[in-house]
Amino acid sequence: MSYKVLVVDDAAFMRNMIKDVFGSMPGFTVIGEASNGIEAIEKYKELRPDLVTMDIVMPLKSGIEAAREITNADREARIIMCSALGQESLVMEAIDAGASDFIVKPFKAEKVQEVVSRVLRIK
Amino acid sequence: MDMSKYKSMFLTEAREHLGNMNQVVLVLEKDPGDKGNIDSLFRSAHSVKGMAASMGYDGIAELSHKMEDMMDKFRKGEMPITPEATDILLEGVDALGQMIDAVEQDRISDVDVSRTIERIKGYGAQKSVVSLNPATEVEPPATDYRPLTTGFNISIEISQDSPAPSVRAVLILRKLKELGEVISTNPSEADLKGRKLSGPLSVKFVSDTAQEKIEEVVRGMGEVSSLKVEPLKDEVQAPDFRTPIAAPQKESVKSEAEEPKGSRPEIPSIGPLQQTVKVNTALLDYFVNAIGELIINKSRLHDISRGIPSKELSDGLNHLDRLVRDLQNQVMSVRMMPMESLMERFPRIVRDLARKEGKEVTLNMEGQDIELDRSIIEGLGNPLIHIIRNAVDHGIELPDDRRAAGKPLPAKILIKASREKDQVFIEISDDGKGMDPERLKEAAINKGLITPEQAAGMSKKEALLLTCIPGFSTAKVVSDISGRGVGMDAVKSAIEPIGGSIDIDSRPGAGTRITLKLPLTVAIIQSLLIEAAQEIYAIPISRVLKTMEIDRDTVKTSQKQSLIDFDGFLIPLLSIRKIFTLPPLAGQAKFIPVVVTEVKGKIVGLVVDRLVGQQETFIRPLGRPLNKIGGLSGTTVLGNGRTIFLLDVGNIV
């Protein structure tokens, strides 16, 4: 059984990068993508992924709001925020909103793996 | 967390135990052979030790622990009770009393317990009468096993290249809270959220987790450049957790020296009168009933006043509303008990079960400070023990099996209480072998409980809830294939009368999580009133997910089942009239009033004739024979004097 991942980012470039990172990790399948917060919530309900990577600054609805709504609806949601350098206060807000952890762009595959296994509690 | 509330409980109870010890020691001096009294003495010391350790009063815990050891030896006949022994014990009781006074007055105790501890040790060395045969000492005294909660000073430095050090710090704190209790942090959590972290984060932390484990977990959170975890090994002084933790050890010693010695009375005085009293619980029940009647009468007065245009009357009634509400809140808060009172038993239960089964398990608990009405706490004990027993007996694998499966040892069980609005969630999760919904379905089909067609239409969640059907899980075979779920029907039937519901999540190979959802209080609850065929019914608000009026044209039909869209999911519509075999409502209104709720673990829309409104209701239990009718769980009286039924929606079908 592999973990299902939903990738949320308004930039297709970033989504592809993240997909590649998960593509290189055995046991993970990217099952959906969303390019804004509203779409993220819809896709979450539809796909019930095990893990979400969530960009913070996005059109229509921010990643923070999306994280809040998703974790309110599903207390077990595991959301990793993807932030740029210097967004510490936004990341803090997202963690308060219910996100599980964060990674900072530009991503390194090892860093992503480390955070993902921590969040999913895989040894 | 607010420890002050526990402090007063600790003071009251610890003093009761000291009083008992004082009396009993004196009786024993005259009659050293009195087994009952020796046991009572042992229990008192044991209780004081446990309470003090949980509060972080290490000095008190240490001394009572030594006294407990001594009493254990009396109990086993390994040491004689001589006048010298009673002297030492009384000296110990006095020292404990002084340390407890110091706790109450928020000052560092200057009692030197090392002398008493030395005397206890000396007595043991000199008087031990039984040479212990190691071969028979297979089972060490149970007290050695009780995981003593330890206080830790943790100092964490987040690495320089962390992009968001304060976020990492908050995440580490969140993780620590899963392992124990964070007493204080420097900088404070609020500060962490407000500004960047520069310099180390210090945490005062209480947990029964081993030091190495804490280190491992904190490091595992990443971006930690330096970490120091130090147990608070302050044997003489009871550390005061409210002193700022950033202050190094030396400074706190200095400040103690600066404290004027004269401020403490030299002559032992009668302790201050206690601020709390014990009350018979029957009296508390009486209060709730009396307030319930008050509420009913109050709504009756409101109903009557509607026909009387008088400002004085309505002002008076509004004032009465406030008074009754205040009174109700106060009485309800008196009835609240922390989950701690239940959970404190669990570490021991898990340990004993695990030992018996030859399994390696660690138990972590969270949310001991969450409070619930005492009637609910009382009703929860057995179901929780049942679930925990299932987790250890059937969920957790034997060490060899875990090793073979590449799973970490020891296995983990987490019991977590949390509160959301007026509901409390209690989660019991394990990382054992989990349950397979497909195999549960097979077993249920084989037992003739469901048809293969029903099984095919079942969601994973519904399949897991099969374990709660009476008759499903009596067989040993089932426990073997399910890995859990023995006697879950008993759990369910114990939880539901107190307004609770149960949810099961499980992943084969990964573990099981059982979540109990409970109301904060019983008896007086907010209800949604609905009407069907001229009858009014009440539904506990806690069971209502949403009320809505849906357009008849949006109702979809699939295999004769009407469905509506609810938050992106299709849910079935059930009619209250149909359930109660009443004639269908005449005419077809364009909008249908619907109450969205959970029936037997499934979200459904209940079609009613009319949504009447929300009201505070005082629920009286049903007497025989009405209590045998499924779907009804009590009655309440409305303001107009009309008695209506409370629907047990979870079991309405």
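All chains are named by letter (A, B, ...) in the order of the sequence lines, taking the proteins before the strands, and each is independently numbered beginning at 1.
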*Between Glu88(A) and Arg168(B), is there a side-chain N and carboxylate O pair less than 4.0 Å apart?*
no
*May I ask you to decide whether Lys175(B) forms a salt bridge with Asp101(A), counting only side-chain N to carboxylate O separations under 4.0 Å?*
no
_In the structure I gave you, are the side-chain heavy atoms of Ile95(A) and Arg174(B) within less than 4.5 Å of one another anywhere?_
yes
*Separation of Phe569(B) CZ from Lys45(A) NZ (nearest 0.5 Å)*: 7.5 Å
*What pair of heavy atoms forms the shortest contact from Arg507(B) to Tyr3(A), and how long is it?*
NH1-CE2, 3.8 Å
*What closest approach, in Å, do Ser100(A) and Leu171(B) show between heavy atoms, and which atom pair accounts for it?*
O-CD2, 3.2 Å
*Pick one of side chain, backbone, both or neither for Pro165(B), based on which atoms fall under 4.5 Å of a heavy atom in chain A.*
both
*Counting only heavy atoms closer than 4.5 Å, note whether Thr515(B) contacts chain A via side chain, backbone, both or neither.*
side chain
_Can you tell me which portion of Glu189(B) sits under 4.5 Å from chain A's heavy atoms? Options are side chain, backbone, both or neither._
neither
_Between Glu114(A) and Glu223(B), is the side-chain contact (heavy atoms from CB on, under 4.5 Å) condition met? List the steps._
CA-CA 11 Å; Glu114(A) 178 200 318; Glu223(B) 297 180 344; 5.8 Å; no
*Check the pair Val167(B) / Met81(A) against side-chain contact (heavy atoms from CB on, under 4.5 Å), numbers first and verdict last.*
CA-CA 12 Å; Val167(B) 179; Met81(A) 303 307 293; over 6 Å; no
*Heavy-atom distance under 4.5 Å to chain B: side chain of Glu76(A), backbone, both or neither?*
side chain
